[in-house]
Visitor: 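Let me begin by handing over the structure; questions about it come next.
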There are 2 protein chains.
Amino acid sequence: MGISERKKKILAAVVDEYIRTAEPVGSKHLAENAGLGCSSATIRNELAELVALGYLEQPHTSAGRIPTPMGYRMYVNELMERQKLSAEETEDLNRRLTAKLQELDDSISSVSKLASQLTNYPALALTAASPVTIERVDLIYVDANTFIIVLMLSNRTVQSKLVHLPVSVDQQMVQKLCALFNSGFTKITEDAVTPVLIHSTERAADDSMGLTSVIAAFIIETLTEAAEPSAYVSGENQLLNQPEFRDPDKAHRLMSFLSNGGYILPETAEGMVPADEVRVLIGPENVAEELKDSSVIIASYDAGDNMRGLIGVVGPTRMDYSAVAAKLSFLAAGLSRKLGGGEQPPEGMHNKLIIKGD
Amino acid sequence: MGISERKKKILAAVVDEYIRTAEPVGSKHLAENAGLGCSSATIRNELAELVALGYLEQPHTSAGRIPTPMGYRMYVNELMERQKLSAEETEDLNRRLTAKLQELDDSISSVSKLASQLTNYPALALTAASPVTIERVDLIYVDANTFIIVLMLSNRTVQSKLVHLPVSVDQQMVQKLCALFNSGFTKITEDAVTPVLIHSTERAADDSMGLTSVIAAFIIETLTEAAEPSAYVSGENQLLNQPEFRDPDKAHRLMSFLSNGGYILPETAEGMVPADEVRVLIGPENVAEELKDSSVIIASYDAGDNMRGLIGVVGPTRMDYSAVAAKLSFLAAGLSRKLGGGEQPPEGMHNKLIIKGD
DNA sequence: ATTAGCACTCGAAAGGAAAGAGTGCCAACA
DNA sequence: TGTTGGCACTCTTTCCTTTCGAGTGCTAAT
């Protein structure tokens, strides 16, 4: 069921303008600025029909039109100009991304900062829940009371911890434990680390000082933490830039929701966004009650193996979909490229901007 | 230069009430509720004098009185009831603190979260700049293309990184490098890691594959990062709870300032807050322009060695100084206890609440 | 020194009128 | 049949005025 070309043009103009100004758009203004060759009266007729069709609405009788979620949907799917980033933008972005990634480790959190700065909306970076295993355990003997646990994980990160003990241990014991843990605790997921396994290891090592349980505890903690989805939120305060959040209560509600990790964009769980695709969720399309009149733009990146993450941006339904989608898409592609293991598309290339709804 | 007892009582009552309600306090209300045995007219006279003395002011002729910064100062220094936490509060706090600290590593950031949740104000956790050195370097050989760098720092943390190389290295080389780094790079601060040192190490190891520089780069990065003061901010959105930040612009200004690390509470630099002391900075006493009409409460903790940090809470001048000071003081003491190296005061004990101005 | 009483001030809230933007609809027109 | 100018109408926004009330400062009495 299509609508006439002219209606599309008008709808696009209304959405564009409303995104820009946050003010309802009137027929006169469209006639003058939108460059379609007809008078305001004609446009009024068209607008009335667009309202009837559900794409637009009027805040009150004598106001201009604003898009409904359905209107935004149409805009995002068909109407909006797909922004390509300019050469300078691409370069700048690349530079900043690389810089951020060098602060590795917390790269995910800094990417969310970057996304927020770039878009002027709050941004989240999410890592998906994924089973993680230990690849390798090392125990570094420091002195009689101290050693370091080093865990290499299947997601190519390293976790380490300094352990200080009241009792003294000898180097042999540390080595023995290291071997035992390497044979018993690698390649298994967190739920396979059972008390039974720990006890048998403890016996095998002839460990009467509780070393085994200290190490096992760290392993469990590390696996649990790595397996859990986590969220980093940045730039919540950007919300206050948006006129729709001039009401402090409204702003506060959403900000609190976001600060708590947007827990955790329910969209994440069901129907994970495929890598290198940008998904747009408009207003009521969101599952979370708190987001019912906001929009979320999510891009997914692929960090190799089965590691995968999301970067998302949250804003009012009147969001700059086009620009944000372009930037997020680029960021996600950049992340896939830098973090991802294997095959890497050439540096300068955009991933295609697939935009889908719910 | 003292003021009469009754004036003090009245001033205290005004501040208490204003903190509670955020509304100017009138003479009638005081006469009825503040339990000083005199009539509203008498109180009016006293209030007028307190205004003349600079402790109170009137937003306009026919409104009640609100405290000036000088009034708050007097309140904080002499008047306010020094809150002790109740037994339950103490226990609850201890439990939460311990829980947070187990998520070690990012303990500082989670303490700031805790402080914010506890006080319902935005909170910062700052670590002071302090020279950090490497205690020990370990290189773990994983496979021909991969090894792990493990650095143990003088601040008792461990940093590690997985390095993946395009070229293949043998185990001997790794061992040799490890020994060289341990003898050459430990116990020195970041600025002693010179290109000259790196080059001589590279030559000594006979390293033609750039391993040395990879390791050195990580060392430099780690030292730099560890030495830099850092800030974690939590609960910015709590600001929106406060009536004085109903104006979104005002809120936004302060929130942005805080999000950028409150850069970095200039108070930190000059005249570091002594450990186990709580410092209160009221309105214009703050150096940063953005804080001129807010108050900051800062507690310092001592994490052993010369490691030291701050936890701070930011709010309107009308903030609940007493409660916040008590909580921060407790938190700081708890942190000193758990992180600090040596002598530890007994678990349940409060540190004394010293409150000072500028 | 304290208190009751009273006139006064000033902001906040409530009401009302005017202005302005934008619509819907009709009649005229190509 | 689709388009256009014109016009009456609606509804919000803005501004002004009025009212209301809280709280004061002052004065005279205790």
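Naming convention: chains lettered A, B, ... in sequence-line order (proteins, then strands); numbering from 1 in each chain.
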Visitor: Got a salt bridge between Asp249(A) and Arg246(B), using NZ or NE/NH1/NH2 to carboxylate O under 4.0 Å?
Guide: yes

Visitor: Out of dT23(C), dT3(C), dC11(D), which has the shortest distance to the side chain of Ser62(A)?
Guide: dC11(D)

Visitor: Taking all non-hydrogen atoms of both residues, which atom of Ala299(B) and which atom of Ala332(B) are closest, and how far apart?
Guide: CB-CB, 3.7 Å

Visitor: Mapping His29(A) and Pro59(B) onto DNA chain C by nearest heavy atom, which one lands closer to the 5' end?
Guide: Pro59(B)

Visitor: Return the value, rounded to whole Å, for the distance between atom CD1 of Ile10(A) and atom P of dT23(C).
Guide: 12 Å

Visitor: Using a 4.0 Å heavy-atom cut-off across all strands, classify Ala41(B) as base, sugar-phosphate, or nothing.
Guide: base

Visitor: Can you measure Glu49(B) atom CD to dT24(D) atom C1' for me and round it to whole angstrom units?
Guide: 15 Å

Visitor: Just N and O in the side chain of Thr61(A): are any of them under 4.0 Å from OP1 or OP2 of dC11(D)?
Guide: yes

Visitor: Counting only side-chain nitrogens and oxygens, does Arg44(B) get under 4.0 Å of the OP1 or OP2 atom of dA22(D)?
Guide: no

Visitor: Just the rounded figure in Å: distance from P of dT23(C) to NZ of Lys28(A).
Guide: 11 Å

Visitor: Write down the distance between CD (Glu32(A)) and C1' (dG5(D)), rounded to a whole number of angstrom.
Guide: 15 Å

Visitor: Find the distance Glu46(A):CD to dG22(C):C1' and express it as a whole number of Å.
Guide: 17 Å

Visitor: Ile43(B) has an atom CD1; how far is it from atom P of dT2(C), in whole Å?
Guide: 11 Å

Visitor: From CG of Leu30(B) over to C1' of dG23(D), roughly how many Å is that when rounded to an integer?
Guide: 12 Å

Visitor: Does dT24(D) have its OP1 or OP2 closer than 4.0 Å to a side-chain nitrogen or oxygen of Arg65(B)?
Guide: yes

Visitor: Which of these nucleotides, dG24(C), dT4(D), dC6(C), is closest to any side-chain atom of Ser39(A)?
Guide: dT4(D)

Visitor: Report the distance from atom OH of Tyr18(B) to atom P of dG23(D), rounded to the nearest whole Å.
Guide: 14 Å

Visitor: The side chain of Leu47(B) is closest to which nucleotide in this list: dT4(D), dT24(D), dC11(D)?
Guide: dT24(D)

Visitor: For atom CD of Glu81(A), decide whether the heavy atoms of other residues, nucleotides or ligands shown that lie under 6.0 angstrom number more than 12.
Guide: no

Visitor: Can you confirm whether Lys250(B) is buried at NZ, in the sense that more than 12 heavy atoms of other residues, nucleotides or ligands lie under 6.0 Å from that atom?
Guide: yes

Visitor: Would Lys8(B) and Arg6(B) count as a side chain to side chain contact (heavy atoms under 4.5 Å, CB included) if you check the C-alpha gap in whole Å, the side-chain angles of each, and the deciding distance to 0.1 Å?
Guide: CA-CA 5 Å; Lys8(B) 286 186 181 175; Arg6(B) 191 171 63 184; over 6 Å; no

Visitor: For Ser27(A), answer base if it contacts any base atom (sugar-phosphate contacts may also be present), sugar-phosphate if it contacts only those atoms, and nothing otherwise; contact means non-hydrogen atoms under 4.0 Å.
Guide: sugar-phosphate

